Structure formats: C-alpha cells, structure tokens
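Written out below as structure tokens is the structure these notes cover.
Keep in mind the model is a prediction, meaning the values are calculated, not measured.
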Amino acid sequence: MEKNADRIIITVVGKDTVGIIARVCTYLSEHQINVLDISQTIVQEFFNMMMIADMKNADKQFDQCAGDLERLGEEIGVNIRCQREEIFQKMHRI
C-alpha cells in the first residue's frame, strides 16, 4: 500500500451494539471522507473495527474529525481512535 499523507487509521473497540458501523460511516460520508478498507470482528459480545480512510476531500481538518469521532464513540458507547497513517505505521514497526 503506498504512503499517502491524507490517509488515516480509525479503530473502534467496545461492546457490540446495533448501528456502530452505520454511525461511523455516516459521519465519514457526511464529511467527504472516503473509506478505502474496513475490517471488523465480533468476539463474543465485543466489537473491533479497523478502517483505512482518505481525507483528501474532507471538509474538516484532521484534528476536528478525530475529536468528533472520539465524541461519537462516547455517544454510542465505544472507543474510537483516529490516527494519521504515517504515525500509525511508525508506532507499529517491528
């Protein structure tokens, strides 16, 4: 996967409830953030999702989106974290 300064990594973790993916994707769509890849699993009642998204056409800055997503997570009872892809890559080097 090529590096791109506009790419972000979004992680969502918490107790599974109806509508988590819909709420996150609705926010992204409303702000012109394109989902490039998504993976989600449910282990017993626990939900885990990782998304790669492109902010190239976003109508908000990264910091605003990250804060909005964190607040959205609080609203729906999950932890949402948003990081720039380049930072995520550096943090997870082996």
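Residue Arg71 holds its CZ atom at 11.5 Å from CD1 of Ile80, rounded to the nearest 0.5 Å. With rounding to the nearest 0.5 angstrom, the CZ atom of Arg81 is 11.5 Å from the CD1 atom of Ile9. With rounding to the nearest 0.5 angstrom, the CG atom of Asp54 is 12.5 Å from the CG atom of Asp37. Asp63 contributes atom CG, which lies 9.5 Å from atom SG of Cys82 (distance to the nearest 0.5 angstrom). Atom CD of Glu70 is separated from atom CG of Asn79 by 7.5 Å, given to the nearest 0.5 angstrom.
Between Ile20 and Gln40, the closest side-chain pair of non-hydrogen atoms is not below 4.5 Å. Residues Ile10 and Leu28 form a side-chain contact, since some pair of their non-hydrogen atoms from C-beta on lies under 4.5 Å apart.
Ile21 is connected to Leu72 through a chain of hydrophobic side-chain contacts under 4.5 Å among Ile, Leu, Val, Met, Phe, Trp and Tyr, so both are in one cluster. In this structure, Ile76 is not a member of the same hydrophobic cluster as Phe46, with clusters built from ILVMFWY side-chain heavy atoms closer than 4.5 Å.
A side-chain contact (heavy atoms from CB on, under 4.5 Å) with His31 holds for exactly one of Met55, Lys60, Gln64; it is Lys60.
Under a cut-off of 6.0 angstrom, the local environment of CD in Glu45 is crowded, with over 12 non-hydrogen atoms contributed by other residues, nucleotides or ligands.
Across all non-hydrogen atoms, the minimal contact from Ala58 to Ile33 is CB-CG1, 3.8 Å. Across Lys15 and Val78, no two heavy atoms sit closer than the pair O-CG1, 4.1 Å.
Annotation: side chain to side chain donor-acceptor pair (under 3.5 Å) contacts involving residues 19-30, sequence neighbours excluded, comprise Arg23-Glu75, Tyr27-Asp68.
Residues satisfying the side-chain contact (heavy atoms from CB on, under 4.5 Å) criterion with Val13, sequence neighbours excluded, are Asn48.
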